[in-house]
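Hydrogens, waters and symmetry mates are skipped; everything else that's a heavy atom, side chains included, is used. Because the structure is predicted, anything quoted here is derived from the model rather than measured. Throughout, protein chains are lettered first and strands after them, A, B, ... in sequence-line order, and every chain is numbered starting at 1.
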Amino acid sequence: MKHIRQKGILSLIIFIACLLATPVHAQEDVLQVGTDTNYVPFEFLDEETGEYVGFDIDLIDAIAEEVGFEYELKPMDFAGIVPALQTEQLDIAIAGISMDDEKEKTVDFSMPYYDAGTGVLVRSDDDDIQDLDDLAGKTVATKQGTASYEYVTNLDGVEDVVPFPNIDQAYMELLKGSADAVVFDSPSLEYYMNTNAEGKVRMLDELLEGQTFGIAFPKGSPLKIKVDEALTTLKEDGTFDELHEKWFGEAATEALEQSSSGLDWSFAIKALPLLLQGAKYTILITVLGLIFGLIIGVLFGFGRLAENKLIYGLSSIYVEVVRGTPIMIQALYIYFAIPMLLNFDINAVVAGVIAISINAGAYIAEIVRGGVEGVDKGQVEAGRSLGLTHMQTTYKIVWPQAFKRMIPPLGNQFIISLKDTSLLTMIGVGELTRQGTIIVASNFRSVEIYTVVGLMYLAMTLSISLILRQIEKRMDIK
Amino acid sequence: MIIEVKDVYKSFGDNEVLKGIQTSIAEKEVVSVIGPSGSGKSTFLRCLNALETIQSGDIIIDGTSLVAESTNINKLRSQVGMVFQQFNLFPHMSVLENITLAPTMVHHMDKNEAKELALDLLKKVGLADKADAYPDNLSGGQKQRVAIARSLATKPKIMLFDEPTSALDPELVGEVLEVIKDLAEEGMTMVVVTHEMNFAKDVSDRVLFFDEGVIMEEGDPAHIFTNPDHPRTKEFLSKVLNK
């Protein structure tokens, strides 16, 4: 009997483990294709359709048709692409990835499909910088983790290099005068100059070193040969040139309307559906994270109150470690480091919920401990001297009073956890902040979009405050 | 003897608070415990219902040892009522709920029966109209009277009072002492730690004078208050009576 029960529990554990570890590519024949979230004109979000468009997107679609595979597009932060290939969460990545020796140690590349120069963008009204030598003593902005960043840090005489997660932030830095130049792939610079910069920037004629882009695969992937064959075919039959003309030709930039100057709230209205979709994830992750966080918090809060040294010790370690490390590191650890060590895949939203649960749990544990310890000792003594048991005293006398004391700090924690979900952008969860940055990356309307994003957070946090105030009021009547 | 205290020692860490306490209290006896602060009188009282555990010696309540492992301490406590200096009413419960909690939970009394009992007790302490009030809306004197009613609800054989009027405004002391006096007249066995010397003199059958962890002197109030044997008792009384 006991044996059978143990087997039952074991298979239950295995079942849960399988659920958690369900690979992203659940369907064997659908390939996971990683791409950057914002790298105009190679890939960027069309905020009207909510779909990704760009040269890379069209190219991989043509390749897929040529080779004959189905795929699912996975837009993610550029910095996460190579790790995701290494862990085989992705089968292919096309994201304007420059081919260099360093990357070739960890991933395989197709034949090059694009030659990009590295260009220098400066403000139109800044006559100081006319050629590369003039960069000496200047502050240069670029995108982190790129070949441009590598290059410019090795350039002699540059005063300061400021790397940003997204290139649009570097453009803003240039426009507001905090940086003197942006050094980046020339197609991206040209696209920005021609579509959104309103004549405020110019590009130096001189290009820095050239670089080539390739499609990347996990080491030893059999796909490489097939994709190379398809690329050759597409180049021969003229499809490749058509796409190139579509995204980089004269017609491409002329077709794109120059955006107007000043604030234009129509961009915010257009972005609303995508932002609301992000807000939905923010709410989902916050609610689930707080439910689990409360369970964890209550358990460990009592652990912190326990007389048992081992339980107290373990609870304290948990609380101190989680409180003592940034939630961003915790999220990266849960999403990248642990799956890599233990060799399983985890969905980014699931990882986000776990990160919020564990983080909120530690703070809630302290709130629970404080709430219980804050109840006057005389209350317990009065209960016990009436003959109530320890359990009865805890349940009838301590808990109701502790709970009331816990409501205000819990409300604080709920609001903090809600805002903490914005940090999950790092692991590619499509929550509100991430949707906002992606939209800004393609339309460069940071003021309008971030205002709406901020107001949405405010609406959510105010709702939490209102609900808690109601609960408090109701408890006060008693 | 309903309470027997045999050579009790109690310390908090290195601080020895009770150093060999030996006394016994008869049924229906009213005993006042006086002495300077820090003399161990409150600790002694708290030992009588095992709120403090003693290091050595024994305390026997109505034939049951507090120290014996077989003793059901919860059951025993419901026979020993305790009234605290700070009242310790449960602020999240109404007056009625405060009083019915123990009868329903410890003695599994029927709810209606417990309510009737509570209303009777409230009448007895003069607060029949406050059944539905919450402790925060009561004066200190009213709180302490509710606390007494709450203790009486378990129908204890002994009542312990730990400086029951020390936290009260002077004009509220009388109403509480009045209730305690009534209890004494009804024949309740009581141990009262108090600073109210008049109360100790008028109401109690016997006075224990505590000093530095021992019972320095004990006897009937007339003797202790008029002609104490021990110089420490004399010193203490002259201080508190000439205030």
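More than 12 heavy-atom neighbours from other residues, nucleotides or ligands sit within 6.0 angstrom of CZ on A/Arg323. Heavy-atom contacts from other residues, nucleotides or ligands closer than 6.0 Å to CD of A/Glu373 number more than 12. Residue A/Phe302 qualifies as enclosed at atom CZ: its count of foreign heavy atoms under 6.0 Å is above 12. Around OH of A/Tyr281, the count of heavy atoms belonging to other residues, nucleotides or ligands within 6.0 Å does not exceed 12. In the displayed structure, A/His390 atom NE2 is contacted under 6.0 Å by at most 12 heavy atoms of other residues, nucleotides or ligands. Taking a 6.0 Å sphere around CZ of A/Phe292, one finds it holds 12 or fewer heavy atoms contributed by other residues, nucleotides or ligands. Counted within 6.0 Å of CZ on A/Phe403, heavy atoms from surrounding residues, nucleotides or ligands total 12 or fewer; the atom is thus considered open.
Interatomic distance, OG of B/Ser78 versus CG of A/Leu386, reported as 9.0 Å (0.5 Å rounding). Here the OG atom belonging to A/Ser385 is positioned 12.0 Å from the CD1 atom belonging to B/Ile73, to the nearest 0.5 angstrom. Between atom CG of residue A/Leu388 and atom CG of residue B/Leu101 there is a gap of 5.0 Å, rounded to the nearest 0.5 Å.
Counting only heavy atoms from C-beta outward, the side chains of B/Met93 and A/Pro400 never approach each other to under 4.5 Å. Taking the side chain as every heavy atom from C-beta outward, A/Glu381 and B/Arg46 approach each other to under 4.5 Å.
Contacts between B/Arg150 and chain A at a heavy-atom distance below 4.5 Å involve backbone atoms as well as side-chain atoms. Residue B/Leu160: no heavy atom, backbone or side chain, is found under 4.5 Å from chain A.
In terms of heavy-atom proximity, A/Ala382 sits nearest to B/Phe84 at CA-CE1, 3.6 Å. Contact between A/Gly378 and B/Asn88 at its shortest, heavy atoms only, is O-ND2, 3.0 Å.
B/His92 pairs in a side-chain contact (heavy atoms from CB on, under 4.5 Å) with only one of the listed residues (A/Gln401, A/Lys404, A/Lys396), which is A/Gln401.
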